[in-house]
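Atoms within each ligand, like the ligands themselves, are counted from 1 in listed order. Heavy-atom basis, side chains included; hydrogens, waters and symmetry copies ignored. Keep in mind that this is a model prediction, so the values were computed, not measured. The residues of the chain are indexed from 1 along the displayed sequence.
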Amino acid sequence: MENGSPDAPAERGHWGSKLAFIFAASGSAIGLGNIWRFPMEVGKNGGAIFVLVYILGVAFIGFAVMLAELVIGRYSQKNPVGAIQAIKPGSLWKGIGYLGILTGVCILSYYAVVAGWAVGYLVKTVGGAFKGNVTSKLTAELFTSFTSNPFQVMIFFVLMMGLTTYIISRGVKAGIERWTKVLMPILFVLLIILAARALTLPGAGKGIAYYLKPDFSLLSGKVILFAMGQAFFSLSLGMGTMMTYGSYLPKRDNLVSSAGWVCFFDSLIAITAGFIIFPTLFAIPGTSLDAGPGLVFQVLPLIFPQIPGGYVFGILFFALLSVAALTSTISLLEVPVAYFVDERNWPRKKAAWLMGFITFLLGIPTVLAFGANKFLTKIDFQGKMDFIFGNVSLAFGALLISIFAAYVWGVKKALKEIESGNPKFVLRPVWVFSIKYLSPIVIIIILYFIKTIAG
Ligand code: TRP
């Protein structure tokens, strides 16, 4: 952003260039959602059939909702609450913004704990935990002993939250643009190398089949709900992140291609991560497909000893995963902070540290929910938070955003704003169909299934 002076809330900055925006938005989108959450959801929801629904969801719904968020943000140049208010003053629709703030803080509270695990694994890898004869029994024990130790986890959680808060307190520019530009491409290259090794392990074939050959008998409302939830989560949709990022976009930019690139990069990283996890899981057996939050942490270290220089690759991997997580935690905290800065005229520093502290408090039960506290572990506190905020609330937010863009603001006005930076909007009919009919209808149907799933 140009001129992102932290203490001058009236002066809203802009991204330096269109590319800078694509990198920043991809930085938000690419994170634990791609490498930790995506494989975990694939493993819990039947493999390839989930992948298929997910890809369709990104292409036909995620892309449309992303464009809607970006166009609302850029048109109003405001945080989600202010943006809705600018378009429909004095209406209840600004609740979309408040819901987004709540959802963002709640997602961040457990997301930053898992981001802390990634840093913890970086330290372990440096210490040589994954050298020599690494078995799935060993990685499972290591995961349990690490995550059930609240003191260790707390240190890394506080580190991640502190860094996030510090970067946000200094303004968006200093943080996101610079990091993502260099580090995301390196992460991608690293994933490709690991995937290449995983795919050539003896016995990898079963994993590839599980990942790529859909079993249509497994298709259910539950699969669709979780695949759509994953699409929204991974693309950072449904809570105003992309609205906020869009609000820092200059009018001349082409929103359509920006949204397209972000969807493409984000899915590419997630799909590549799956090409590491599933071949490895089947080639080196012992980890259960529904291992949940531990899946990636238990499977990935198995592949490092299989490649020359694996020690260095392991370190690089967890270092980059930590950075990828950080560019996402930043975007989660930016939404509430932008609200207090824009609408309440708070100094950026105050908004950042207060919101950061509240998030930290909310994260404590998640720290304790992996063995340290019996009750929180038994009720699967982190899983519940992820279900409520990472699936249901995001889907509900995306539903409201679609309806707001299509019917309250109106497709015509939205199109005018989109086309101001893109006179040849080839996908226009597709977008209109999706935002008016497909997205709201599909989301309503999946929200209906929640009763059967949660009940
Ligand atoms: N998309 C990020 C990931 O995949 C997480 C994230 C950042 C997010 N901002 C968000 C999720 C907003 C939902 C909404 O890791």
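- Nearest-heavy-atom check against atom 3 (C) of ligand 1 across Gly240, Ser234, Ala29 picks out Ala29.
- Applying the side chain to side chain donor-acceptor pair (under 3.5 Å) rule to Glu417 yields the partners Arg74, Lys251; only residues at least two apart in sequence or on another chain are considered.
- The shortest N/O to N/O separation between Ile30 and ligand 1 does not fall below 3.5 Å.
- Between Trp117 and Phe370, the ring-plane angle classifies as perpendicular under the 30° and 60° cut-offs.
- Contact annotation for Asp266 and ligand 1: no heavy atom of the residue comes within less than 4.0 Å of the ligand.
- Nearest protein neighbour of atom 11 (C) of ligand 1, counting heavy atoms only, is Phe233 O, 3.1 Å.
- In summary, the atoms of ligand 1 found under 4.0 Å from a heavy atom of Ser331, numbered by their order in the structure, are 7 (C), 9 (N).
- Side chains of Ser439 and Ser402: a donor-acceptor N/O pair is absent below 3.5 angstrom, by distance only.
- Taking both residues in full, the closest heavy atoms of Gly356 and Leu333 are given as N-CD1, 4.1 Å, listed atom of the first, atom of the second, then distance.
- Close N/O approach between Gly33 and ligand 1 is found [any backbone or side-chain N/O within under 3.5 Å].
- Nearest non-hydrogen protein atom to atom 6 (C) of ligand 1 is Ser236 OG, 3.5 Å.
- If you look at Phe360 and Phe157, their ring centroids are closer than 6.0 Å.
- Of the candidates Phe317, Phe297, Trp36, Phe304, Tyr121 forms a ring-ring contact (aromatic ring centres under 6.0 Å, His included) with just one, namely Phe297.
- Considering only non-hydrogen protein atoms, atom 14 (C) of ligand 1 sits nearest to Met239 CG, 3.3 Å.
- Thr241 OG1, 3.2 Å is the protein heavy atom nearest to atom 12 (C) of ligand 1.
- With 3.5 Å as the limit, one finds no donor-acceptor pair spanning the side chains of Thr241 and Ser236.
- Not counting sequence neighbours, the partners of Tyr210 by the ring pair (Phe, Tyr, Trp, His ring centres under 6.0 Å) test are Phe278, Phe282.
- Between Tyr111 and ligand 1 there is a heavy-atom distance shorter than 4.0 Å.
- The shortest contact between atom 2 (C) of ligand 1 and any protein heavy atom is with Ser28 O, 3.2 Å.
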